[in-house]
Amino acid sequence: GLSKGNRREQELEDIKSTDSEIFELIKLEEKRQFDKIRLIASENYVSSAVLQATGTVLTNKYSEGYAGKRYYEGQQIIDQIECLAIERAKNLFGAEHVNVQPYSGSPANVAVYLAFLKPGDTILGMALPHGGHLTHGAKVSISGKYFNAESYALNRETGLIDYDAIREQALSCQPKMIIAGHSAYPRIIDFERFRTIADECGALLMVDMAHFAGLVAGAAHPSPIPYADVVTTTTHKSLRGPRGAMILCKEKYAAAIDKAVFPGMQGGPHNHTTAAMAVAFKEADNEDFKDYARQVVENGRTLAESMIANGFNLITGGTDNHLLLVDVTSKNVGGKPAAKALDQAGIVVNYNAIPFDPRKPGSPSGIRLGTAAVTSRGFKRKEMVQVGEWINAVISEPENHHLIAEIAADIASFCKDYPPPGISI
Ligand code: DSN
């Protein structure tokens with residue numbers, strides 16, 4: 001509302017007088033986030049409450065260690081904040097133990113490896129070009145350099161996870177750890193099946209639920225918690241919290257995980273982020289958030305229908321979560337030029353490899369779409385159908401600058417009716 005807008009303006013007044021360049025850039029980024037349809041599958045709009053928590057004096061405090069066992073004095077308040085964040089995360093996800101200190105998803109994943117693996121140990125994760133993450137064993141990442149990283153592919157015909165093939169591969173390479181989870185897989189993962197495979201070859205099971213954590217919290221997606229030894233997640237994607245991460249695990253691994261995060265990987269936690277996480281977990285622990293999570297999935301289905309009706313080829317033929325992977329080459333365009341044209345038109349996506357992509361990673365066949373951010377600004381069926389129409393119009397004529405300018409103007413005007421959380425312009 002208006003009062004929130006005024007409050008935010010007042011907060012930014014000090015930036016304006018101290019550093020007009022950064023002030024202008026922040027305002028421009030606010031406007032960009034307001035005026036454009038953000039379909040980046042890993043992004044969202046946090047609430048004003050989460051935003052405010054990140055901009056507090058909590059950023060001033062060092063607190064290496066854990067509540068009751070810190071290496072600096074003055075932790076009377078910080079201990080309470082971190083404990084609140086942990087308790088809320090435990091309740092929200094039904095986890096036995098939670099560490100909320102990882103700076104982001106990549107350090108969280110590496111902390112898990114540090115807790116359980118030695119350099120050279122074998123890990124088995126989803127291949128990066130098939131939707132896995134860099135830290136699931138990609139050769140350019142520390143996870144691929146320090147460990148013997150084997151990767152599983154998706155099924156060539158269906159684009160789906162091939163559990164029988166993973167089982168065979170696991171029994172043959174005997175990984176110390178199997179990693180489930182993804183950055184670009186549009187379907188639900190069978191965590192129980194992964195558990196069985198891990199048990200059969202004596203591996204630990206880690207699930208990286210970063211993309212779908214909000215759907216798990218909102219009961220719109222199965223939870224990996226009962227099946228995995230360790231679950232990692234960022235907090236800023238579908239979960240709609242601040243940029244950060246956490247590790248959830250069984251109590252028997254609590255000491256190993258905590259030691260790996262601090263002092264293994266990190267120094268002082270970012271307390272302003274921890275507080276904002278606590279706020280986000282409170283926001284996620286109610287019926288409104290369940291409605292949000294259901295709507296994210298519903299919007300994914302609607303967008304998938306609209307894309308298919310417009311002649312696009314969706315990897316796996318659809319989606320069960322917030323994410324769509326679209327092969328745009330049927331429209332005689334590559335993923336990168338498609339993404340660039342969409343951005344100019346006011347629809348922000350990323351170009352993305354598709355499984356067994358015949359094109360190079362720098363210029364792949366696909367684009368990735370996600371519905372978490374637009375659902376936060378109130379998009380439903382009608383809006384998602386319209387988004388599909390716009391995407392088709394742009395990708396059908398990516399060089400038509402006149403058309404793209406017209407669509408950009410239409411989208412900016414359309415977006416005025418859907419103010420996102422945290423931004424008032
Ligand atoms: N960068 C995130 C994503 O876009 O999926 C994953 O790390």
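Whatever order the structure lists them in is the order used to number ligands and atoms, beginning at 1. The shown structure was predicted, so the numbers you read here are calculated from the model rather than taken from an experiment.
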Query raised in the report: Side-chain donor-acceptor pair under 3.5 Å between K416 and S413, yes or no?
Result: no

Query raised in the report: Aromatic rings F194 and Y152: how do their planes relate, parallel, tilted or perpendicular, breaks at 30° and 60°?
Result: tilted

Query raised in the report: N321 and Y185: side-chain donor and acceptor closer than 3.5 Å?
Result: no

Report summary line: For Y418, the ring pair (Phe, Tyr, Trp, His ring centres under 6.0 Å) test, sequence neighbours excluded, returns F379, F414

Every pair of nitrogen or oxygen atoms between ligand 1 and the protein that is under 3.5 angstrom apart - can you list them with their distances to 0.1 Å?
unit_1	atom_1	unit_2	atom_2	d
ligand 1	4 (O)	S42	OG	2.6
ligand 1	4 (O)	R368	NH2	2.7
ligand 1	5 (O)	H211	NE2	2.6
ligand 1	5 (O)	R368	NH1	2.8
ligand 1	7 (O)	H133	NE2	2.8

Query - Row check, F289 ring normal vs R240 NZ/CZ: under 6.0 Å, within 45° - result: no

Query - Heavy atoms of other groups near R167 CZ, more than 12 under 6.0 Å - result: no

